[in-house]
Amino acid sequence: MTQLLTVQGYGSVSATPDQAVISFVVEHQNKEYAKCIDGLNRMADEFFKSIKSAGIKEDQVKMSNFEIRDKDRYSEESKSRIFWGYEASYSFKLRLDLDHKTINRVLNAVTRTSGFIRIDLGFTVKDEEGLKNQALEKAIADAKIKAEIIGKATGVQLGKIQHINYGREIMEITSRHMPLAMSENFATFSEEREINPEDVDTHDYVNITWEIEG
């Protein structure tokens with residue numbers, strides 16, 4: 001009977017980010033459905049005007065979500081939450097080279113718009129797939145090292161690889177995000193303010209099965 005050894009390898013890599021990802025959520029509320037949508041679209045138009053005033057092309061901004069939902073409020077009279085109206089939102093993402101002047105100029109422009117916009121500033125690398133592949137290579141090497149250590153300690157020889165179990169799930173490249181709740185009259189950002197994000201990191205796993213002899 002063939003004896004087998006299965007080992008899980010783990011690989012983790014980090015890199016200095018070279019790209020900023022700015023997420024914007026434009027929100028509007030109104031008691032009437034149609035007025036809620038109209039108000040949201042006016043805010044979105046203002047948002048894009050501010051983006052273009054910062055030197056960003058409109059097609060650089062990608063929409064990631066549109067949502068409209070019921071909005072309720074607490075009623076002292078009934079001592080319960082009752083329907084008030086609607087809240088609608090657009091979500092947008094903008095990827096920029098890691099240039100602090102450009103990033104601060106965009107944030108400055110958006111904060112001058114009326115209404116309320118939520119902003120989240122995150123960081124990543126342009127070659128995300130390359131970084132993920134490095135993590136996988138490290139995971140494979142880690143599995144091999146562990147298998148060799150186990151084989152040496154138990155007095156067995158590694159044979160041919162019989163099976164590799166790998167299915168990459170959604171792998172996120174993570175760094176610290178800076179949520180910035182923006183609204184009218186929010187403090188401005190100096191274009192000279194340096195942005196020094198921490199390294200981004202990602203990891204991966206792989207299971208490898210060897211035939212063993214001895």
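Since the structure is predicted, the reported quantities are computational estimates derived from the model, not experimental observations. All values below come from the heavy atoms of this structure, side chains included, with hydrogens, waters and symmetry mates left out.
- Side chains of Arg73 and Ile82 form a contact here, defined as non-hydrogen atoms less than 4.5 Å apart.
- Both Met43 and Ile68 belong to a single network of hydrophobic side chains, linked directly or stepwise wherever heavy atoms of I, L, V, M, F, W or Y lie under 4.5 Å apart.
- A heavy-atom distance below 4.5 Å is not found between the side chains of Phe92 and Ile51.
- Lys52 places no side-chain N or O within donor-acceptor distance of the main-chain N or O of Glu58, the cut-off being under 3.5 Å.
- Within the structure, ring-ring contact (aromatic ring centres under 6.0 Å, His included) contacts touching residues 128-161 (residues at least two apart or in different chains) do not occur.
- Residues Ile140 and Tyr166 have side chains not in contact (no heavy-atom distance under 4.5 Å, counting atoms from C-beta outward).
- Closest approach of Ser89 to Glu27, counting heavy atoms only: CB-CG, 3.9 Å.
- Taking CD from Gln29 and NZ from Lys71, the interatomic distance works out to 4.5 Å, rounded to the nearest 0.5 Å.
- Closest heavy-atom contact between Ala143 and Ile208: CB-CD1, 3.9 Å.
- In summary, the aromatic rings of Phe47 and Tyr90 are positioned with their centroids too far apart to meet the 6.0 Å limit.
- Smallest separation of non-hydrogen atoms from Thr102 and Asp99: OG1-OD2, 2.7 Å.
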### Criterion side chain to side chain contact (heavy atoms under 4.5 Å, CB included) on Asp18 and Asp97, from CA distance to verdict
CA-CA 6 Å; Asp18 56 11; Asp97 289 344; over 6 Å; no
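- In this structure, Ile37 and Phe66 approach most closely via the heavy-atom pair CD1-CZ, 3.9 Å.
- Looking at heavy atoms from C-beta onward, Ile150 lies out of side-chain contact with Trp210 at the 4.5 angstrom threshold.
- One hydrophobic cluster, built from ILVMFWY side chains closer than 4.5 Å, holds both Val61 and Leu98.
- Val125 and Gln19 get closest at one heavy-atom pair: O-OE1, 4.3 Å.
- In this structure a side-chain-to-backbone donor-acceptor pair under 3.5 Å is present from Asp142 to Tyr10.
- Using a 4.5 Å cut-off between side-chain heavy atoms of Ile, Leu, Val, Met, Phe, Trp and Tyr, with links allowed through other members, Tyr205 and Ile164 fall into different hydrophobic clusters.
- Atom NZ of Lys146 has more than 12 heavy atoms from other residues, nucleotides or ligands within 6.0 Å.
- Between Lys35 atom NZ and Arg42 atom CZ the span is 10.0 Å, to the nearest 0.5 Å.
- Using a cut-off of 4.0 Å between Lys/Arg side-chain N and Asp/Glu carboxylate O, Glu128 and Arg95 are scored as salt-bridged.
- When side chains are defined from C-beta on, Ile56 does not count as touching Arg105, because their heavy atoms never get closer than 4.5 Å.
- At least one side-chain heavy atom of Ile22 sits under 4.5 Å from a side-chain heavy atom of Ile103.
- Cluster annotation: Ile117 is connected to Leu121 through the hydrophobic network of ILVMFWY side chains, with a link wherever side-chain heavy atoms come within less than 4.5 Å.
- Here Ser91 contributes atom OG and Arg118 contributes atom CZ; the two are 7.0 Å apart, rounded to the nearest 0.5 Å.
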### Message
With side chain to side chain contact (heavy atoms under 4.5 Å, CB included) as the criterion, how do Leu94 and Gln60 come out once you've worked through the C-alpha distance, each side chain's angles and the decisive distance to 0.1 Å?
### Response
CA-CA 6 Å; Leu94 172 64; Gln60 290 179 255; 3.9 Å; yes
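- Side chains of Tyr86 and Asp70 form a contact here, defined as non-hydrogen atoms less than 4.5 Å apart.
- One distance of note links CD1 of Ile212 with OG1 of Thr2; it measures 10.0 Å at 0.5 Å rounding.
- Hydrophobic clustering (side-chain heavy atoms under 4.5 Å, transitive across Ile, Leu, Val, Met, Phe, Trp, Tyr) groups Phe48 together with Val26.
- Ser80 approaches Ser78 most closely through the heavy-atom pair OG-OG, 3.0 Å.
- A heavy-atom distance below 4.5 Å is not found between the side chains of Leu5 and Val156.
- Salt-bridge annotation for Asp204 and Lys138: absent, with no side-chain N of the basic residue lying under 4.0 Å from a carboxylate O of the acidic one.
- Judged by distance alone, the side chains of Glu213 and Gln157 never bring a donor and an acceptor atom under 3.5 Å apart.
- In this structure, the separation between CD on Gln134 and OG on Ser14 is 9.5 Å, given to the nearest 0.5 Å.
- Summarising the geometry, atom CD belonging to Gln162 is positioned 10.0 Å from atom OG1 belonging to Thr6; distances are rounded to the nearest 0.5 Å.
- By the side chain to side chain donor-acceptor pair (under 3.5 Å) test, Asp38 is found to be paired with no residue, residues two or more places apart in sequence or in another chain being considered.
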